[in-house]
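Report on the structure given below.
Each residue takes its place number in the sequence, starting with 1.
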Amino acid sequence: MRESDPPVLILAPAGRDAAVAGTILEEAGLRSEICADLPSLVARLDTGSCAVLTEEALRAFDRHGLAAYLAGQEPWSDYPFVLLTLRGTPPEARLMESLGNVTLLERPFHPATLVTATRFAVRARRRQREAAAFLHERQQTAERQALLIRELHHRVKNTLATVQALLGASARGATSVDEFYQGFSARVISLAKTHNLLTEDYWQMASLQEMLENELGPYNDEAGRRIALEGPHVELTADLAVPTGMAIHELTTNAAKHGALSVPEGRITVAWSVDQGEAGRRLRLDWTERGGPRTTTPTRKGFGSTLLQRVLTMQCGADIRFDFKPAGLHFRMEAPLIEHRTVPHY
């Protein structure tokens with residue numbers, strides 16, 4: 001029996017049967033717990049590896065609770081029982097049917113027989129739990145893939161919208177075809193750097209300032225008045241940098257479509273700080289827009305804000321808040337700074 005395996009549950013209320021069975025299993029390295037009655041056993045089935053019980057115990061108690069538990073099992077679960085019967089007395093068919101996955105042992109029996117039957121039951125339950133974990137992992141993988149595919153489609157649409165906005169910004173400020181070409185090319189290259197940063201397989205750290213510059217830089221004017229970045233040098237690990245980069249991308253795209261970056265007079269200020277608390281260092285980031293179209297609270301949540309809520313809160317443990325002020329959007333994020341971990345090489 002592995003240390004991680006839950007204990008074997010024993011229900012044998014007559015005489016010393018429970019104590020003897022427990023001693024036999026304990027001497028063989030199988031942890032056990034004795035239950036006083038059938039309701040107590042049913043209440044602890046989820047915390048046990050299997051159940052060893054006597055036929056007379058099943059007859060003595062109301063079995064409706066046990067039947068309800070077995071009927072409500074997950075598809076992967078087939079709870080194993082070891083039923084102790086009296087030699088020469090065939091067990092009732094309805095008892096066998098009610099238990100389902102049951103091994104019969106006629107008493108009296110050799111202690112090794114009980115140990116062997118119980119070990120098989122413990123191993124069967126362990127395999128069931130491993131199958132459940134595998135199925136859960138497969139489901140999570142499928143959900144992650146669906147999210148990534150959806151994000152890919154969304155990112156392509158956002159990229160096209162961003163390129164269109166860059167095209168307009170470059171055209172408004174250019175006085176010649178050559179100047180337009182140079183300005184537009186530089187902005188597209190800057191946009192590509194951000195995408196490379198987000199799609200790299202094994203990168204260790206990323207500068208928050210660099211991520212912001214890569215995403216917002218193409219929208220700044222020559223005098224640097226449209227974009228203001230204020231904060232200390234902060235290096236983010238991949239666990240935090242990728243979701244944060246996605247957040248910056250979504251905020252930038254939204255600003256280019258509907259917010260401060262959609263008009264020439266719009267401005268964006270991003271300020272961040274690092275605070276040391278009892279639970280460790282925390283990053284605080286404030287994104288403030290002004291000078292753009294009048295902002296109103298949206299009537300429905302779009303995919304971009306849903307993505308930020310799901311990725312930042314679930315993956316990073318971040319606290320985020322959107323404040324749709326009339327003067328412009330204010331977004332705040334507070335997240336724990338994960339310490340740098342070396343990525344293994346295979």
Side-chain angles (χ1 to χ4, degrees), residues 1-140:
M1 187 175 189
R2 297 178 182 174
E3 292 184 1
S4 59
D5 287 327
V8 177
L9 305 179
I10 300 175
L11 176 59
R16 298 185 61 254
D17 289 349
V20 171
T23 300
I24 293 173
L25 297 179
E26 293 286 347
E27 289 178 352
L30 295 166
R31 291 186 298 116
S32 63
E33 291 183 4
I34 297 176
C35 302
D37 50 37
L38 188 58
S40 299
L41 181 137
V42 172
R44 297 158 73 179
L45 286 176
D46 284 334
T47 63
S49 286
C50 66
V52 176
L53 65 165
T54 59
E55 185 177 359
E56 55 269 26
L58 285 181
R59 292 198 187 100
F61 297 104
D62 185 344
R63 297 188 296 274
H64 285 88
L66 176 61
Y69 175 88
L70 295 177
Q73 292 182 96
E74 297 288 339
W76 57 267
S77 177
D78 189 13
Y79 205 92
F81 294 89
V82 177
L83 183 63
L84 308 181
T85 65
L86 293 175
R87 179 166 296 176
T89 305
E92 295 183 21
R94 59 178 181 173
L95 293 181
M96 301 287 291
E97 293 176 359
S98 65
L99 293 179
N101 183 10
V102 58
T103 300
L104 292 178
L105 285 185
E106 288 187 346
R107 292 171 289 177
F109 48 75
H110 192 279
T113 305
L114 175 62
V115 171
T116 299
T118 305
R119 279 179 174 160
F120 277 128
V122 170
R123 189 178 299 115
R125 189 60 174 172
R126 185 192 309 148
R127 294 290 182 266
Q128 291 175 22
R129 294 186 182 279
E130 290 172 352
F134 175 76
L135 292 174
H136 180 65
E137 184 179 353
R138 287 285 298 272
Q139 181 180 0
Q140 286 189 320

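- Distance check, rounded to the nearest 0.5 Å: CD1 of Ile34 to CG of Leu9 gives 11.0 Å.
- Contact record, Arg129 with Gly48: NH2-O, 3.7 Å, taken as the closest heavy-atom pair.
- With sequence neighbours excluded, the residues forming a side chain to side chain donor-acceptor pair (under 3.5 Å) with Arg125 are Ser77, Gln128, listed by chain and number.
- With sequence neighbours excluded, the residues that form a side chain to side chain donor-acceptor pair (under 3.5 Å) with Gln140 are His136.
- Looking only at distances, no side-chain donor or acceptor of Arg126 sits under 3.5 Å from a matching main-chain atom of Ala121.
- Legend: residues meeting ring pair (Phe, Tyr, Trp, His ring centres under 6.0 Å) with Phe61, ordered by chain and number and at least two apart, are absent.
- Closest of all the heavy-atom pairs between Ser49 and Pro80 is O-CG, 3.7 Å.
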Going by atom type alone, with no hydrogens or angles, which donor-acceptor pairs under 3.5 Å involve a side-chain atom of residues 96-105 and a protein atom two or more places apart or on another chain?
residue : atom : partner : partner atom : Å
Ser98   : OG   : Arg94   : O            : 3.3
Ser98   : OG   : Leu95   : O            : 2.7
Asn101  : ND2  : Asp78   : O            : 2.9

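- Residues Leu58 and Leu83 have side chains in contact (heavy-atom distance under 4.5 Å, counting atoms from C-beta outward).
- Across all non-hydrogen atoms, the minimal contact from Thr118 to Cys50 is CG2-SG, 4.0 Å.
- Among pairs with a residue in residues 71-94, those fulfilling ring-ring contact (aromatic ring centres under 6.0 Å, His included) read Tyr79-Phe81, at least two apart in sequence or across chains.
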Which pairs would a plain distance check flag for residues 37-47, meaning a side-chain donor or acceptor within less than 3.5 Å of a matching protein atom at least two apart in sequence or in another chain?
residue : atom : partner : partner atom : Å
Asp37   : OD1  : Ser40   : N            : 2.8
Asp37   : OD1  : Ser40   : OG           : 2.6
Arg44   : NH2  : Glu33   : OE1          : 2.4
Asp46   : OD1  : Tyr69   : OH           : 2.6
Thr47   : OG1  : Arg44   : O            : 2.8

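- In this view, Phe120 and Thr116, Arg123 satisfy the side-chain contact (heavy atoms from CB on, under 4.5 Å) rule, not counting sequence neighbours.
- Under the side chain to side chain donor-acceptor pair (under 3.5 Å) criterion, the residue pairs touching residues 50-60 are Glu55-Arg59, Glu56-Arg107, Arg59-Glu92, with sequence neighbours excluded.
- Between Val52 and Leu11 the shortest side-chain heavy-atom distance does not fall below 4.5 Å.
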Could you pull out all donor-acceptor pairs under 3.5 Å where a side-chain atom in residues 18-26 meets a protein atom, sequence neighbours excluded?
residue : atom : partner : partner atom : Å
Thr23   : OG1  : Ala19   : O            : 2.9
Glu26   : OE2  : Ser32   : N            : 3.0
Glu26   : OE2  : Ser32   : OG           : 3.3

